[in-house]
Amino acid sequence: MEQVEVLVTGSPVPSYAHPGDAGADIHAAEAVTLEPGQRALVGTGVAIALPDGYAAFVHPRSGLAAKHGITIVNAPGTVDAGYRGEIKVNLLNTGTEPHRIEPGDRIAQIVVQRVERVRFIEVERLPGSDRGERGHGSTGRGAVQEGIAR
Ligand SMILES: O=c1ccn([C@H]2C[C@H](O)[C@@H](COP(=O)(O)OP(=O)(O)OP(=O)(O)O)O2)c(=O)[nH]1
Ligand SMILES: [Mg+2]
């Protein structure tokens, strides 16, 4: 399979921990202590150039989430193909203990995906569908009733 090439400046270069991993780990370039409930925009020290038609999505690491309650405020963050700045991660400590991030720690993972650019066409009325306008918990146990909790 031909591999898509993504140019990188800075270090450590994002890396896949195992063959078959979807996410490549990215690292903190600075130290920060996150108090419970606190968030911080943490630099990774790397910038990338994605080919047109691709984006990189910045996802939380499940280990940090499970062990320390560390997540990403805007998960998944979107890195546009045209962005040449440093990738930053908006970490949030949802846990009950302060959490110290050291330079070099793996703080997030980026998933590179093909993305479509579509043409938005304004119309008066949308075509019908089985779901219709039902959403926001309309199916299954505890389903939101029509007209309530909107
Ligand atoms: O987790 C993230 C999300 C975004 N970015 C960078 C890359 C992205 O291309 C740029 C803009 O992101 P986005 O479009 O999500 O933010 P915005 O609030 O809409 O800012 P802008 O007005 O610059 O588009 O910020 C990151 O470094 N990390
Ligand atoms: Mg934007």
Side-chain angles (χ1 to χ4, degrees), residues 1-127 129 131-139 144 149-150:
M1 200 169 58
E2 202 179 310
Q3 280 195 307
V4 175
E5 291 180 345
V6 175
L7 305 178
V8 184
T9 58
S11 68
V13 168
S15 62
Y16 297 102
H18 303 287
D21 282 1
D25 292 325
I26 51 176
H27 306 248
E30 54 194 311
V32 60
T33 299
L34 287 166
E35 299 296 330
Q38 195 190 358
R39 66 175 190 263
L41 199 54
V42 182
T44 65
V46 295
I48 60 175
L50 293 156
D52 271 350
Y54 287 83
F57 297 98
V58 183
H59 289 263
R61 295 188 64 221
S62 57
L64 278 180
K67 288 181 209 153
H68 306 293
I70 302 297
T71 189
I72 297 176
V73 179
N74 58 319
T78 304
V79 179
D80 302 289
Y83 180 69
R84 297 289 179 271
E86 179 186 16
I87 297 176
K88 294 183 179 177
V89 183
N90 201 344
L91 291 179
L92 168 66
N93 183 358
T94 70
T96 52
E97 302 294 327
H99 185 74
R100 175 91 180 151
I101 303 282
E102 299 290 352
D105 285 357
R106 292 174 297 156
I107 52 170
Q109 53 185 328
I110 52 170
V111 177
V112 176
Q113 291 183 280
R114 251 184 196 286
V115 288
E116 297 289 340
R117 293 261 309 179
V118 304
R119 191 156 57 94
F120 292 97
I121 302 163
E122 206 174 355
V123 293
E124 283 297 317
R125 185 183 289 270
L126 297 173
S129 74
R131 175 182 283 274
E133 295 184 17
R134 292 187 301 277
H136 311 285
S138 66
T139 56
V144 176
R150 288 209 168 175

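First listed ligand is number 1; within each ligand, the first listed atom is number 1. Numbers for residues simply follow the sequence, beginning at 1.
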Does [atom] have a protein non-hydrogen atom under 4.0 Å from it?
| atom | result |
| --- | --- |
| atom 12 (O) of ligand 1 | yes |
| atom 23 (O) of ligand 1 | no |
| atom 19 (O) of ligand 1 | no |

Of Leu50, Val13, Ile110, the one forming a side chain to side chain contact (heavy atoms under 4.5 Å, CB included) with Val6 is Leu50
The side chain to side chain contact (heavy atoms under 4.5 Å, CB included) partner of Leu92 among Val73, Ile72, Ile70 is Val73
Of all the atoms in ligand 1, which lie at a distance below 4.0 Å from a heavy atom belonging to [X]?
| X | value |
| --- | --- |
| Glu86 | 27 (O) |
| Ile87 | 27 (O) |
| Asn74 | 1 (O), 2 (C), 3 (C) |
| Thr78 | 3 (C), 4 (C), 5 (N), 7 (C), 8 (C), 9 (O), 12 (O) |

Going by the 4.0 angstrom heavy-atom rule, the piece of Asn90 near ligand 1 is neither
How about CZ on Arg131, more than 12 heavy atoms from neighbouring residues, nucleotides or ligands closer than 6.0 Å, or not?
no
- Is there a donor-acceptor pair under 3.5 Å between the side chain of Glu86 and the backbone N or O of Gly45? yes
Atom 27 (O) of ligand 1 has as its nearest protein heavy atom Lys88 N, 3.0 Å
heavy-atom search around atom 14 (O) of ligand 1 in the protein gives Asp80 OD2, 3.9 Å
Taken to the nearest 0.5 Å, the spacing of Leu64 CG from Gln109 CD works out to 10.0 Å
The reported gap from CZ in Arg61 to CG in Leu91 (rounded to nearest 0.5 angstrom) is 11.0 Å
